[in-house]
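Structure record follows, encoded as structure tokens.
As the structure lists them, so they are numbered: ligands from 1, and atoms in each ligand from 1. All values below were derived from every heavy atom in this structure, side-chain atoms included, with hydrogens, water molecules and symmetry-related copies excluded.
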Amino acid sequence: MNDRLSVSHIVSLYDLSTEDFNKIFKKAAALKKDYESGKKTKILENKTLAMIFEKPSTRTRVSFEAAMTQLGGHAQYIDATTTQSGRGETIADTARVLSKYVDGIMARVNDHSTILDFVINSEVPVINGLSDFNHPVQALSDMFTIWEKKKKFKGLKLAWVGDATNVCHSLMYACGKLDVDMWIAVPNLYRPNKGVIIEADKLSLAATEITTDPKEAASDADVVYTDTWASMGSTLSPAKKKALEPYQVNKELVKHAKKDYLFMHCLPAHRGEEVTTDVIDGPNSIIFDQAENRLHVQKAILSLML
Ligand code: CP
Ligand code: NVA
């Protein structure tokens with residue numbers, strides 16, 4: 001097995017092969033072990049990552065920057081509003097110019113088409129750090145975290161409960177590639193993107209089931225996952241809040257899951273809204289393991305791509 005991924009950019013997990021997932025997880029596990037034992041792995045010496053942000057971030061920004069530092073390279077934080085693209089320079093020109101200076105571009109964008117513009121015009125790898133459509137590096141870290149805890153994928157049931165966000169889309173692809181059954185409990189008005197439903201369905205023998213009943217999704221689940229009801233760039237209308245209230249992940253709902261279920265959330269969380277404090281801060285919650293693994297998985301991605 002060579003060390004290269006089958007893709008030049010990380011745009012959507014739909015594009016990755018199952019072998020790519022395994023390469024990333026294997027590398028992440030090795031880099032995590034090195035990090036924990038204090039071994040320095042300066043494999044990206046003299047490499048620079050440009051990190052462009054059109055939206056706020058805590059985890060993505062800090063974990064990518066720390067990843068580059070720990071691998072001996074450098075990351076530049078770029079607030080998109082302070083660049084010439086904020087004054088109308090095209091993404092095509094921006095991507096061409098940045099390609100002359102840096103070894104990789106990570107971008108968090110409002111509109112997914114901006115990621116595609118970067119990919120078409122960049123001469124260096126582009127990593128999607130979240131768009132309105134998906135969040136591939138989050139789902140990769142989540143699947144790695146599930147593997148660490150459960151030591152398997154096949155036969156697991158992951159219940160997504162709440163708004164079908166960008167993170168939900170990436171998990172649908174990831175579960176499809178890794179043979180995890182994904183059940184999505186969502187009000188009819190807030191279902192996942194139709195194209196993603198069709199593509200995820202084609203990916204594997206595992207099921208992608210969509211229901212309006214949160215109990216059905218949570219029943220015997222190995223993982224219960226939720227995300228904010230108000231993703232960046234959108235506001236939570238009173239109507240949406242009302243529709244989502246029955247989808248709150250709380251003590252009553254998780255009673256339907258397996259005893260050793262894992263509670264997951266990409267963060268940031270809104271305690272008392274999509275999840276109650278007793279669940280997110282309870283013994284089954286692995287939210288900080290997920291957040292920690294962003295560092296190790298992204299180090300793996302950077303070392304395989306840059
Ligand atoms: N989960 C995640 O991407 O967090 P940030 O928005 O803080 O980067
Ligand atoms: N769905 C959330 C994820 C944040 C990491 C958002 O887009 O705001």
Does an N or O from [X], backbone or side chain, lie closer than 3.5 Å to an N or O of ligand 2?
X: Leu267; result: no
X: Arg108; result: no
X: Asp227; result: yes

* Asked: Does Pro56, backbone or side chain, put an N or O under 3.5 Å from an N or O of ligand 1?
  -> no
Nearest non-hydrogen protein atom, [atom]:
atom: atom 2 (C) of ligand 1; value: Arg294 NH1, 3.4 Å
atom: atom 8 (O) of ligand 2; value: Met232 N, 2.7 Å
atom: atom 6 (O) of ligand 1; value: Arg108 NH1, 2.8 Å
atom: atom 4 (O) of ligand 1; value: Arg59 NE, 2.8 Å

* To do: Could you tell me which atoms of ligand 2, counted from 1 in the order shown, lie closer than 4.0 angstrom to a heavy atom of Asn166?
  => 1 (N), 2 (C), 3 (C), 6 (C), 7 (O)
* Within 45° of the six-membered ring axis of Phe144 and under 6.0 Å from that ring's centre, is NZ or CZ of Lys32 located there? -> no
* Asked: Salt bridge or not for Lys157 and Asp222, using N-O below 4.0 Å?
  -> no
* To do: Run the numbers on Gln248 and Asn250 for side chain to side chain donor-acceptor pair (under 3.5 Å), then give the verdict.
  => CA-CA 6 Å; Gln248 183 188 62; Asn250 54 34; 3.2 Å; yes
* Which ligand 1 atoms are under 4.0 Å away from a heavy-atom of Thr58? -> 5 (P), 7 (O), 8 (O)
* To do: May I ask whether Lys55 has any heavy atom positioned less than 4.0 angstrom from an atom of ligand 1?
  => no
* Asked: Would you say Leu130 contacts ligand 1, with heavy atoms under 4.0 Å as the rule?
  -> no
* Using the rule that two of Ile, Leu, Val, Met, Phe, Trp, Tyr join whenever any of their side-chain heavy atoms come within less than 4.5 Å, decide whether Ile24 and Leu71 are in one cluster. => yes
* Asked: Are Asp20 and Ser17 close enough, and set up right, to give a side chain to side chain donor-acceptor pair (under 3.5 Å), and what steps lead you there?
  -> CA-CA 5 Å; Asp20 290 330; Ser17 65; 3.1 Å; yes
Looking at [X] and [Y], what are the two nearest heavy atoms and their distance?
X: Val11; Y: Asn128; value: O-ND2, 3.0 Å
X: Gly162; Y: Pro187; value: O-CD, 4.3 Å
X: Ile287; Y: Ile280; value: CD1-CG1, 3.6 Å

* Would you kindly specify which portion of Leu130 sits under 4.0 Å from ligand 2, judged on non-hydrogen atoms: side chain, backbone, both or neither? => side chain
